[in-house]
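Okay, so here's the structure we're looking at.
Residue numbers run from 1 in the order of the sequence given.
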Amino acid sequence: MSDCPQCHQSVDVQAVKCPYCQTPLKGFGHPGIPLHQANSEEFLCDSCTYHEDDTCNYPQRPYAKTCTLYHDKSQPLVPVIHTPYSQSGSFSGLNQWVRRHPGSIAVVAIALISLFLALR
């Protein structure tokens, strides 16, 4: 469930219009694409990534109050994915390698032990 930007009632995510105030929630002819709406007197284009880099082709640009192409320029276009291997520290790379290769470590340990026994 999401909230209607106009009346702030809880609305189904698939709803095209708010059942309470009839505010359009999806773009006309595009029921799967969310319709972004300006909450204040500012235009959406002022904070849109596509307006800033001049790739927007929306007809109401730069005075759009509603838009299906909007992306907030303060948010990254591609989400940052944190992997378990992106830790910082001097021994983190070695620790990760040891965790990923226990069989190799066992083979090296057996070879060293047998070499030690053979030289004795």
Side-chain angles (χ1 to χ4, degrees):
M1 295 295 247
S2 62
D3 290 343
C4 172
Q6 187 70 27
C7 66
H8 305 290
Q9 295 287 334
S10 185
V11 179
D12 184 25
V13 201
Q14 299 296 327
V16 176
K17 282 201 251 179
C18 174
Y20 304 102
C21 66
Q22 302 303 314
T23 300
L25 302 173
K26 305 285 182 184
F28 180 76
H30 305 282
I33 299 175
L35 182 66
H36 300 278
Q37 300 179 0
N39 293 334
S40 62
E41 292 301 316
E42 294 181 14
F43 299 109
L44 286 176
C45 297
D46 296 337
S47 62
C48 182
T49 300
Y50 303 117
H51 177 69
E52 187 174 83
D53 66 9
D54 204 29
T55 57
C56 180
N57 61 359
Y58 201 62
Q60 283 79 21
R61 179 181 176 211
Y63 306 110
K65 291 284 195 172
T66 62
C67 183
T68 56
L69 304 173
Y70 177 78
H71 185 272
D72 188 358
K73 66 182 175 185
S74 66
Q75 302 296 320
L77 279 174
V78 178
V80 178
I81 300 173
H82 298 286
T83 62
Y85 303 114
S86 65
Q87 299 172 353
S88 62
S90 58
F91 294 106
S92 66
L94 179 63
N95 289 337
Q96 292 170 2
W97 188 89
V98 168
R99 283 190 211 121
R100 285 185 277 160
H101 299 92
S104 301
I105 294 171
V107 169
V108 170
I110 290 171
L112 289 174
I113 291 171
S114 62
L115 180 65
F116 175 72
L117 291 176
L119 294 176
R120 202 167 182 230

Q.
I'd like to check Asp54 versus Arg61 (side-chain heavy atoms, cut-off strictly below 4.5 Å). Are they in contact?
A. yes

(Q) Looking at every non-hydrogen atom in both residues, tell me the closest pair between Glu42 and Lys65 and how far apart they are. (A) O-NZ, 3.6 Å

Q) How long is the span from the CG atom in Asp72 to the CG atom in Leu77, to the nearest 0.5 Å? A) 10.5 Å

Q.
Return the CZ to CG distance between Arg100 and Asn95, rounded to the nearest 0.5 Å.
A. 11.0 Å

Q.
Restricting to non-hydrogen atoms, name the atom on Tyr20 and the atom on Ser10 that form the minimum distance, rounded to 0.1 Å.
A. CE1-O, 3.7 Å

Q | Heavy-atom closest contact (His71 atom, Gln75 atom, distance) | A | CE1-O, 3.1 Å

**Q.** Sub-4.5 Å side-chain heavy-atom contact between Cys48 and Phe43
**A.** no

Q: Check whether any side-chain N or O of Thr23 sits under 3.5 Å from a backbone N or O of Cys18 as a donor-acceptor pair, and report yes or no.
A: no

Q.
Within this structure, what is the OH-CG distance for the pair Tyr63 and Leu44, rounded to the nearest 0.5 Å?
A. 14.5 Å

Q: Indicate the atoms forming the closest heavy-atom contact of Cys4 with Val11, along with that distance.
A: CB-CG2, 3.9 Å

Q: Examine Leu94 and Ile105 and state if one hydrophobic cluster contains both, with Ile, Leu, Val, Met, Phe, Trp and Tyr joined whenever side-chain heavy atoms are less than 4.5 Å apart.
A: yes

Q) Are the side chains of Pro62 and His51 in touch, meaning some heavy atoms are under 4.5 Å apart? A) yes

